[in-house]
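The next block holds one structure in the form of structure tokens; read it before the comments.
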There are 2 protein chains.
Amino acid sequence: MTASRAMQGSGKVRPGTRQKVVDAAQRLDYIPNLAAGTLATNASHLVAVILPNLSNSIFADTLQSISDSLRDSGYQLLVGYSDNSPQIEESLVRTFLSRRADAIVLTGHMHSEHTNALLKNADIPIVEMWSVSEEPLGACVGISNFDAAYSMTDYLCRKGHKSIAFIGGLLENNDRTQSRLHGYRAALKDHALPVDEQLIRDVPFEFEDGSLAMRELLAVGRKIDAVFAASDILALGALLECNRQELSVPGDIAVAGFDDERLASLIKPSLTTIGVPRSAIGSKVADIVLSTLRGEPVEERVFDMGFSLVERESA
Amino acid sequence: MTASRAMQGSGKVRPGTRQKVVDAAQRLDYIPNLAAGTLATNASHLVAVILPNLSNSIFADTLQSISDSLRDSGYQLLVGYSDNSPQIEESLVRTFLSRRADAIVLTGHMHSEHTNALLKNADIPIVEMWSVSEEPLGACVGISNFDAAYSMTDYLCRKGHKSIAFIGGLLENNDRTQSRLHGYRAALKDHALPVDEQLIRDVPFEFEDGSLAMRELLAVGRKIDAVFAASDILALGALLECNRQELSVPGDIAVAGFDDERLASLIKPSLTTIGVPRSAIGSKVADIVLSTLRGEPVEERVFDMGFSLVERESA
DNA sequence: AGCAAAAATGGTACCGGTATCATTTTTTTG
DNA sequence: CAAAAAAATGATACCGGTACCATTTTTGCT
């Protein structure tokens, strides 16, 4: 018992005794068994994070920032990728609970019914990130994807575009792209522009899919003077397809993206897009988790970190 | 005991009994405690992965691919970022051992002495990735950074370049960039070209650092006709700086990168670079880990996954 | 049916920490 | 210096699974 107290530093142990213990530990190459500690205290010092994937670098940035903020507090990251599947997400949540994660961070607020039930019963901090929601399970840190998409569409309208297409990424099970689509529709409506369902494309999140969607849009035969893609990757794909078809951007077609990935500013023409405070989201998430675990009650539940419209050359 | 056997599926339990147990578990919202299991069996079903960071998307790709390959086997990912610091790496290894990770995957083979000792004593699979090494701690999956850099430098020489600069990223504690620098030196030597230390720059891995390095190189006053950067991000920074200084690429200066990130093919001029099988590395790593854990002895210890020289416009 | 063999089930100890409370040692105080 | 108070140390149970072995039940066979 004294050894235990000496090692974890908290309890009252005479300095001399502590030293003896530490020396012995050193000499014996002692490696504590955190599983035993977890079993005894029901605290794992693990923060579980569920992301859709990592190939999309925006999530990598957020994860990095969560990790950075957590490092000094002795928490480790347990990471899972849901691949946008509520089933996979559910099974991840189940294992994370089994591991007695001290907190669970999820992306978005579309979960299976079971997942919701599990998370509600779990007596640990739950944080949903990337989209703000009126009724988060626990806390919630993100931006209003609706407002951001509305702003961008509004911006395109004000620039005089009349026929604006939308390329969404995996709308099913993805509240972020869904909200963006809603924002797009709402803005068109407010500008008294018709919503042409033919100009709305739902494709996966890869670069090539952006090109494909663009090709399909051009094949529809309508006159299109702008394209708003729900992610920079898709926008880039679209942009490249325009190049191939010798359409000038933004002359013939304006192209706008979402996320402000690094490459958005590097390509020609540089991409007009929505800037999202990816790292700020991550550190806020970590803040909330840490505060809650320390027992400091977090006053607010919903944190809107705000977005920015980054005006560049493409639109 | 019977319940335990019924739940984890392995033992011999009559189907009827198993059903009863499963039903009861369902009814009681039973959530197993993996910490207890870990304590009892000394197996955590955790695979720990240490990466330098995630902002560099190449590691994200590898991580994603490890995760994908591991998913079906019921292993979870414990992720840590070392920020290229051997001290942080050591403390990560320590915690991972404390957590009784079933395997540890590290990036590169430059570790602190203590880390090496810890890993050698740990009786679990150890895999080092991204660089091949003659004497890996356990197994090792990667490419020869030396050969790749040699090839690229050789390629530049054959194109007639006489004065080739090198931009490295954080050479200290990074065997990948170090080997690349060695490859560069060796190739120059074989082409009987002098190595000008003034033309070798060591900067952090960020985009802006590439521009900075380029600016410094141009300020040196030597005639430079090619630049080889140890990563695409740096190469891009350099390329942009050339744009700003109105130097044509590859006309005035050729620029080559390393990694073949997605944006390498998207910018103008597209970037000549070294293609690295990032995902293949990840799945090979997972393969090795899984085989070893299953007790199938892995015959080889070093897996060279090969690179490719991707010739594009910039060089 | 009766018995042996096989299969299923159950009792108990144990994994390695920590909480709790009892005991011992040290410090303070009169 | 003794007694009281405070601090440090230690004994024990417990966290919730699994390994091992003993016991019970089922199955197969004559």
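In what follows, chains are A, B, ... by sequence order, proteins preceding strands, each numbered from 1.
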For B/Pro32, all residues meeting side-chain contact (heavy atoms from CB on, under 4.5 Å), sequence neighbours excluded: A/Ser98, B/Tyr30
Distance check, rounded to the nearest 0.5 Å: B/Leu51 atom CG versus B/Asp83 atom CG? 12.0 Å
For DNA chain C, find the residues of residues 36-46 of chain A with a heavy-atom distance under 4.0 Å and give them by number; none if there aren't any. A/Ala36, A/Leu39, A/Ala40, A/Thr41
Pick the closest DNA chain C nucleotide for A/Ala35 and for B/Pro15 by heavy atoms, then say which residue is nearer the 5' end. B/Pro15
In this structure, how many angstroms lie between the C1' atom of C/dG17 and the CG atom of A/Leu34, rounded? 10 Å
Contacts of B/Gln26 meeting side chain to side chain donor-acceptor pair (under 3.5 Å) (sequence neighbours excluded), chain-then-number -> none
Write out a two-atom table: protein N or O, nucleotide N or O from nucleotides 10-12 of chain D, distance below 3.5 Å.
unit_1	atom_1	unit_2	atom_2	d
D/dG10	OP2	A/Thr2	OG1	3.3
D/dG10	N7	A/Arg5	NH2	3.0
D/dG10	O6	A/Arg5	NH2	3.2

Identify all side-chain donor-acceptor contacts of residues 135-145 of chain B below 3.5 Å with residues at least two apart in sequence or on another chain.
unit_1	atom_1	unit_2	atom_2	d
B/Ser144	OG	B/Asp147	N	3.0
B/Ser144	OG	B/Asp147	OD1	3.4
B/Ser144	OG	B/Asp147	OD2	3.4
B/Asn145	OD1	B/Arg180	NE	3.0
B/Asn145	OD1	B/Arg180	NH2	2.9
B/Asn145	ND2	B/Trp130	O	3.4

Below 3.5 Å, can you tabulate the donor-acceptor pairs from side chains in residues 113-125 of chain B to any protein atom, sequence neighbours excluded?
unit_1	atom_1	unit_2	atom_2	d
B/Thr115	OG1	B/Ser112	OG	2.6

Apply side chain to side chain donor-acceptor pair (under 3.5 Å) to B/Asp102 and list each qualifying residue two or more places apart in sequence or on a separate chain. B/Ser44
What's the CZ-P distance between B/Arg99 and C/dG16, to the nearest Å? 17 Å
Taken in chain and number order and not counting sequence neighbours, the residues that satisfy side chain to side chain donor-acceptor pair (under 3.5 Å) with B/Asp61 are B/Arg278
Taking atom types as modelled, is there a side-chain donor on B/Gln19 or B/Asp23 under 3.5 Å from an acceptor on the other? yes
Nucleotide by nucleotide, 5' to 3', does protein get under 4.0 Å of the base (B), only the sugar-phosphate (S), or neither (-) in nucleotides 22-27 of chain C, counting heavy atoms? ----S-
Quick one: list whatever passes ring pair (Phe, Tyr, Trp, His ring centres under 6.0 Å) with B/Phe205, sequence neighbours left out. none
Name the closest nucleotide to the B/Lys12 side chain, picking from D/dG16, C/dA8, D/dA8. C/dA8
Nearest whole Å is fine: how far is D/dA19 C1' from B/Gln8 CD? 11 Å
Could you tell me how far apart A/Met7 (CE) and C/dG17 (P) are, to the nearest whole angstrom? 9 Å
Test of understanding: with side chain to side chain donor-acceptor pair (under 3.5 Å), list the residues that count as partners of B/Arg176, not counting sequence neighbours. none
List for me each residue that meets ring pair (Phe, Tyr, Trp, His ring centres under 6.0 Å) alongside A/His45, sequence neighbours excluded, and say none if there are none. A/Tyr75
